[in-house]
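We use all heavy atoms of the structure for the numbers below, so side chains are in, but hydrogens, waters and symmetry mates are not.
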Amino acid sequence: MSKIMSRYNPSTSEPKWQAAWEAAKAFDADEMDASKPSYFALEMFPYPSGRIHMGHVRNYAMGDVIARYKAACGFRVLHPMGWDAFGMPAENAARDKGIHPKGWTYENIAAMRAPMKRLGFALDWTREFATCDVDYYKQQQAIFLAFKEQGLVYRKKSKVNWDPVENSVLANEQVVDGKGWRSGAVIEQREMNQWVFKITHYAEELLEGLKTLDRWPEKVRTMQANWIGRSEGLNMRFEWEQVETFQRFDNPSNSSFSFKVDSGVNYNPITLGKITGEIENGLEIFTTRPDTLYGASFIAISSDHPLAISLSHKELLDTYPEKFGNEYSGVEKEISDFRVKCSQIGTTEEAIATADKLGFDTGLRVKHPFIEGKTLPVWIANFVLMGYGTGAIFGCPAHDQRDLDFARKYDLPVPAVVLPEGEDASSYDVGTEAYTGEGTLFNSGFLDGLSKEDGIKAAIAKIEEMELGHGTVQYRLRDWGVSRQRYWGCPIPIIYCDDCGAVPVPETDLPVALPDDVSFDIPGNPLDHHPTWKDVPCPSCSKPARRETDTLDTFADSSWYFARFAGGNTSDRPFDKAEASKWLPVDQYIGGVEHAVLHLLYARFFTRGLRDCGLLDLPSGEPFAGLFTQGMVTHAVFQDSDGVYIEPANVEEKDNQLLTIDTGKIVTKGDVIKMSKSKKNTIDPEDIIADYGADVARWFVLSDSPPARDFEWTESGVVGAWRFSGKVWNLVTATEFKGNPLNAADDATGDALDIRKFAHKAIDKITDGIEAFRFNTSVAQIYELTNALTKYKGDDAARLEALGILIRAIAPFMPHLAEECWAMIGGQGLCYHAPWPKADASLLTEDTVTLPVQVNGKRRGEISVPADASKDDVEKIAMAEENVVKTLEGLTVRKVIVVPGRIINIVAS
RNA sequence: GCGGGUGUGGCGGAAUUGGUAGACGCGCUGGAUUCAAAAUCCAGUUCCUCUGGAGUGUCGGUUCGAGUCCGACCACCCGUACCA
């Protein structure tokens, strides 16, 4: 073996091989053999923030392993890359630094593309685009119009966060502790007209489709199923308790109706008179627990329920301020104030659910459907959501925790009606914890003695018989509001005309392009402030009209980009139908688990919409056949004594103390958390590439942690990865035997046969690890093969074969090093084009196996037996083992369990 | 609050189906090589009251056998519909 070993130099080697791949158009799907089976590998495309971060490196390194592995396995692989380029950060930059969002975004893309290319990913850059390219969002506008034509788009009033100081809409992220993040003003909810995608049209299909996604993580399917939230229950009406009669306000000739109002509550008769429509005949509620109707203690309606709005006198006040303004007092005013209090909670589900329970007793009462003479009070409550069910519930405090909290706070009765097994009906009390489990119904009239399930059926049947309601299916899923009052997004192609209403922009007039001359000096939507952009003639009657100034939610951009990747950058349609239909669904999609619900559900909606508009031939409607969700990249946080965050690059260890390098201040190491700019615990991948090369960075992010789990970046870990690359290099440079590494060393015996066996067993383990997204175990196996080769002294065909296996196995992880090594040992062509190694089955079996022997479940010895030994023989050998005999002294053997190929357990006492 | 996940040596983790807990890597200790260092190579490294015993977040259960299954709990992380 040669003693002269030159050091592997990534800084010259990596650009060389990247140029070789590019010259060979190795990753250009159009250049690949079209007769091969196709494979679409895709990672969630990045937002162009300006710098690539370790999370990107990890995500794309994983995708690259799959893409390169599948290519080696004989697939024609499509592995594209693009940019999710619309969004708020660009507008924030414009506002804070005076840079135009467009320039900022495209500069960021350029700044990120370069290091991504230096990482040597097997990406088809010929298909690159950004969602802010006019060509792309033009087609998105066409899709919007097609969806509208298909009945998948409508307009609806929805709530937004309103900053009364900036006079603008804020994202949830921009609301901190209920206040605007810039203005500090208390945020109110405000209703605005919004464009909405009818995702609920596919609620059932989206739920059913989950069952077919057997290559998705179980947890993601569970989360989506829970998000869609199908529940069967009862829609029913509680009839009003009637005593006094008021004239209807809007049309006195209509039949009159009335309410019972508790003493002490005095509504203006006109307020009650205004309550019309469905409310007239009773209050409609939805429940999944009709079995507990006898435990009803109150009715609660949302503060946005039409009844609550009516009772607050709001509509009358809005319509006839001069007439009713001066009468605005008393209970109407109190309800109005209560509604304002509720509207300050915020629009997020979390804020609503964690807020203190607030209620307002309206004084109105409804009749219990089953109990003659019993009435229930109607409350307005802040925990009831208008967006789910009917916006009204009946409260059964004994068997619902939220209802119980509410009842305890307002001192409402808590009648128990479900008796848990083993409890006594006469003494049972729920205390502070509602009982939601199975049990037997009691105190429940005709339902007494029934189980929860039977009680639900019986109660629904009875209500249906009484014609008070019907069994129904509800979904938690809400339609997708897509209007955003922002500039840096895809303009919604609609024109408003006083005569014709909301008119779609004719397809020939697309794109509706964003104007470049916009100002970010005033808060709010720059498109709205633009002096001329929105003024256009109505496409239908040519009278002066106004453009929609809202843009689409950026989630729309990422809901169909994969189809554009597959179907080409067509200018006359969103993508080529035949091409896109050929590649889709994506065979393997990889991204962060934070997208488990929204992005993935929206994309599943879009592909169904595209299918039903005839744009895509995808019967299942499923865009992603395989999904993998990776964990985050984390790093320890460093802080000095003043609590100031310190970059890891500025921390050194001296005499067991952590100090800043520049000023020598003492630093403490804090939690290991997700890398973020604000905590300064980021590692710049570009620094790592410069110091160690792309291969080492890639190898390290894949080596230690299971891909699904969070990955902790440590400085020592990178050094280990660096050393490993040197070890492989040394193995190759030390080998003098040259030839075709694809040849099998069939005549090997002794040590040479052992190394062959080791290498072939390693192939299976490495392959299994890649297939199952357990790259860390593939890496461990590669380490073992490397160690075995280091120990193996022969310089012969067996060594060359094993090296050929090793190099092809590391190629998906460290492709540049693999190419360099491949060329050195005599491999033909690019290692990228070399076939994935295949294990020779005859080298995988062993004649003898070593089995542990337990006595009473504790390991006492080890025996070596022929692989095909019978159970009886194994038992005999085990019973004779020296240590086992010693342990069994004075004990009686009761039972011997032999698990072939696994273990022997002797039970003795 | 609700939905989902994670928890194993000093550290990252392995053990895919209930069958030898700690593979592999990092770190550390000792040795070889070297004028010396780096690099490389070899050996050791869960803990303890050590012929034995304990041990996979905590408590309890099922089993011949539990990191793995069941029940209760604790801690942390992700999502929660306008962050991407």
Side-chain angles (χ1 to χ4, degrees), chain A residues 5 7 44 46-47 49 84 86-89 158-161 169-175 194 199 217-220 222-227 229 347-355 383 387 401-402 405 476-486 553-555 557-558 592-599 601-602 629 631-632 634 671 673-674 703-706 708-712 714 716-721 723-724 726-727 730 768 772 774 776-777 779-784 787 790 850-854 856-859 861-862 894-897 899 901-908:
Chain A
M5 294 179 191
R7 189 85 218 193
M44 292 179 185
Y47 177 79
S49 60
D84 189 12
F86 276 136
M88 287 202 305
S158 324
K159 289 213 164 153
V160 293
N161 301 304
V169 177
L170 299 187
N172 283 335
E173 190 194 42
Q174 297 171 315
V175 179
Q194 312 258 305
I199 189 169
E218 188 67 42
K219 62 173 175 183
V220 176
T222 306
M223 278 190 264
Q224 292 221 349
N226 289 338
W227 186 264
T347 58
T348 68
E349 191 195 19
E350 185 200 1
I352 293 163
T354 54
F383 67 93
Q401 193 59 46
R402 288 172 310 173
D405 295 343
R476 204 188 77 99
L477 182 67
R478 306 198 299 258
D479 279 332
W480 173 16
V482 290
S483 293
R484 299 290 180 272
Q485 295 68 40
R486 282 184 258 290
D553 180 2
T554 56
F555 268 125
D557 312 343
S558 53
V593 72
E594 65 272 21
H595 293 294
V597 176
L598 292 182
H599 160 60
L601 194 63
Y602 292 149
T629 55
M632 299 174 303
T634 62
D671 293 340
I673 56 167
K674 179 176 180 171
S703 59
D704 265 4
S705 291
R709 233 182 282 170
D710 288 352
F711 171 83
E712 187 191 350
T714 59
S716 55
V718 197
V719 176
R723 280 211 289 261
F724 175 69
K727 209 166 165 178
N730 290 345
D768 288 351
R774 296 197 318 263
N776 54 322
T777 64
V779 165
Q781 209 38 237
I782 289 170
Y783 275 123
E784 294 205 45
N787 290 342
T790 306
T850 304
L851 298 179
V853 184
Q854 295 182 334
N856 291 332
K858 292 205 167 71
R859 188 172 176 276
E862 206 175 71
R894 304 273 172 212
K895 199 170 163 189
V896 179
I897 293 143
V899 184
R902 284 287 195 182
I903 202 165
I904 299 100
N905 190 13
I906 300 162
V907 186

Task: Non-hydrogen side-chain atoms of A:I903 and A:R859 separated by less than 4.5 Å - done: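 No, side chains not in contact.
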- [ ] Search all heavy atoms of A:A596 against all heavy atoms of A:Q224 and return the closest pair with its distance.
- [x] O-NE2, 3.0 Å
- [ ] Considering non-hydrogen atoms only, spot the tightest contact between A:D553 and A:G481 and give its length.
- [x] OD2-O, 4.4 Å
Output the rounded distance in Å from [atom1] ([X]) to [atom2] ([N]).
X      : N     : atom1 : atom2 : answer
A:R859 : B:U20 : CZ    : P     : 10 Å
A:L598 : B:G79 : CG    : C1'   : 8 Å
A:F555 : B:C83 : CZ    : P     : 8 Å
A:I782 : B:C24 : CD1   : P     : 15 Å
A:L477 : B:G79 : CG    : P     : 19 Å
A:F86  : B:C82 : CZ    : P     : 18 Å
A:M223 : B:C77 : CE    : P     : 16 Å
A:Y47  : B:A84 : OH    : P     : 7 Å

Got a list of protein N/O to nucleotides 61-65 of chain B N/O distances below 3.5 Å?
residue : atom : partner : partner atom : Å
B:C64   : O2'  : A:N905  : ND2          : 3.3
B:C64   : O2   : A:N905  : ND2          : 2.6

What's [X] touching, base or sugar-phosphate or nothing? Going by heavy atoms closer than 4.0 Å.
X      : result
A:E784 : sugar-phosphate
A:S558 : nothing
A:H599 : nothing
A:Q401 : nothing
A:V175 : nothing
A:R894 : nothing
A:G481 : sugar-phosphate
A:Q224 : nothing
A:V899 : base
A:V719 : nothing

- [ ] Give me the ring orientation class for A:H599 and A:F555: parallel if the planes are under 30° apart, tilted from 30 to 60°, perpendicular past 60°.
- [x]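 It falls in the parallel class, under 30°.
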Taking the [atom1] atom of each, how far is [N] from [M], in whole Å?
N     : M     : atom1 : answer
B:A21 : B:G55 : P     : 13 Å
B:G79 : B:G71 : P     : 28 Å
B:U68 : B:U6  : P     : 13 Å
B:U49 : B:G10 : P     : 15 Å
B:U29 : B:A37 : P     : 14 Å
B:A39 : B:C28 : P     : 11 Å
B:G9  : B:G53 : P     : 23 Å
B:G52 : B:C42 : C1'   : 32 Å

Task: Secondary-structure string, 5' to 3', Watson-Crick or G-U under 3.5 Å, | for another-strand partners, for RNA chain B - done: (((((((..(((......[....)))((((((.......))))))(((...)))..(((((..]....))))))))))))....
Task: First of A:F724 and A:V220 reached from the 5' end of RNA chain B, by closest nucleotide - done: A:V220
TODO: May I ask you to verify if any side-chain N or O of A:R484 is less than 4.0 angstrom from the OP1 or OP2 atom of B:C82?
DONE: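 Affirmative; the distance criterion is met.
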TODO: Would you please confirm or rule out a distance under 4.0 Å between OP1 or OP2 of B:C24 and any side-chain N or O of A:N787?
DONE: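 For A:N787, the contact criterion (side-chain N or O under 4.0 Å from OP1 or OP2 of B:C24) is not met.
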- [ ] Please confirm whether the backbone N or O of A:G857 pairs with a side-chain atom of A:N905, one donor and one acceptor, at under 3.5 Å?
- [x]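 Side chain of A:N905 to backbone of A:G857: a pair is present.
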- [ ] Spell out, as yes or no, whether a donor-acceptor pair under 3.5 Å connects the side chain of A:N856 to the backbone of A:A908.
- [x] yes
Open item on the list: Taking A:R476 first and then A:E349, would you say they form a salt bridge - that is, a charged N and a carboxylate O separated by under 4.0 Å?
Closed with: yes
- [ ] Could you run through nucleotides 5-18 of chain B and give me one letter per nucleotide, 5' to 3': B if any protein heavy atom sits under 4.0 Å from the base, S if only the sugar-phosphate is that close, - if neither?
- [x] S-S----BSSSBB-
